[in-house]
Amino acid sequence: MRYFGVEEANRLIPLLTHTFSVVRPRVERVHAIVRELEALQGTGTEPERMTSLREERDVLIEQIHVELEHFQELGVEVKAADGLVDFRALKAGRPVFLCWRYGEPEVAHWHELEGGFAGRQPIVHAHDFAPSYLS
């Protein structure tokens, strides 16, 4: 399992920002398609239209998955396809998450493993988070 330091996580922010700028419109389109499919359900809409929307949705989901799987291979945990990620880190010897959201210029928050986004706390001292690599 990989643990990140703040500096190491911050080096990935430009790549994360670029990737999510590509992925976010696709995520929005998937949501729009889902809403449209729900609205068309039971309306007698021609099956070709429903099939076309489902196929478009599936292609977009696969594209999103391909774009984001590279980060998972690096040990970055993608929490939301619209731009929320966690980096495992060690703080005072215990595992926590460094947390970043699309649009933030750097990793500036952390939270407990079970705390989630709502439990984010500001990073006071970056050196409190030591990178480490475990097998």
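If you read the sequence from its start, that first residue is 1, and numbering goes on from there. Note that the structure is a prediction, hence the values are computed from the model and not measured.
- The residues Arg57 and Glu36 are annotated as not salt-bridged, no charged nitrogen and carboxylate oxygen being separated by less than 4.0 angstrom.
- Between the side chain of Arg2 and the backbone N or O of Leu74 there is at least one donor-acceptor pair closer than 3.5 Å.
- Within the 4.5 Å cutoff, the side chain of Tyr102 has heavy atoms near those of the Arg24 side chain.
- The CD atom of Glu112 lies 6.5 Å from the CD atom of Gln121; values are rounded to the nearest 0.5 Å.
- Here Phe129 contributes atom CZ and Leu98 contributes atom CG; the two are 5.5 Å apart, rounded to the nearest 0.5 Å.
- In this structure, CD in Glu55 is found 12.5 Å from CE in Met50, a value given to the nearest 0.5 Å.
- At least one donor-acceptor pair closer than 3.5 Å links the side chain of Ser21 to the backbone N or O of His18.
- Between Arg120 and Trp110 the shortest side-chain heavy-atom distance does not fall below 4.5 Å.
- Under a hydrophobic-cluster definition in which Ile, Leu, Val, Met, Phe, Trp and Tyr are linked whenever side-chain heavy atoms come within less than 4.5 Å, directly or via other members, Val34 and Leu40 are assigned to the same cluster.
- Residues Arg88 and Leu113 are in side-chain contact: their nearest non-hydrogen atoms beyond the backbone lie under 4.5 Å apart.
- Within the 4.5 Å cutoff, the side chain of Val30 has no heavy atoms near those of the Arg26 side chain.
- The two atoms that bring Pro14 and Asn10 nearest to each other are CD-O, 3.7 Å, heavy atoms only.
- Residues Leu16 and Val6 share a single hydrophobic cluster, defined by chaining ILVMFWY side chains whose heavy atoms lie under 4.5 Å apart.
- Using a 4.5 Å heavy-atom cutoff, the side chains of Glu73 and His70 are in contact.
- Contact between Cys99 and His111 at its shortest, heavy atoms only, is CB-CD2, 3.6 Å.
- Closest approach of Phe20 to Leu84, counting heavy atoms only: CZ-N, 4.4 Å.
- The two residues Glu104 and Ile13 come nearest to each other via the heavy atoms O-CG2, 4.1 Å.
- Both Ile64 and Leu15 belong to a single network of hydrophobic side chains, linked directly or stepwise wherever heavy atoms of I, L, V, M, F, W or Y lie under 4.5 Å apart.
- Between Arg101 and His109 there is no side-chain heavy-atom pair separated by less than 4.5 Å.
- Considering CZ of Phe71 and CG of Leu12, their distance stands at 7.0 Å, rounded to 0.5 Å.
- Summarising the geometry of Ile123 relative to Val107, their closest heavy-atom pair is CD1-O, 3.9 Å, with the distance given to 0.1 Å.
- Ring geometry for Phe87 against Phe4 counts as perpendicular: the plane angle is over 60°, on a 0 to 90° scale with 30° as the lower cut.
- Nearest approach of Leu53 to Ile33, heavy atoms of both residues: O-CG2, 3.5 Å.
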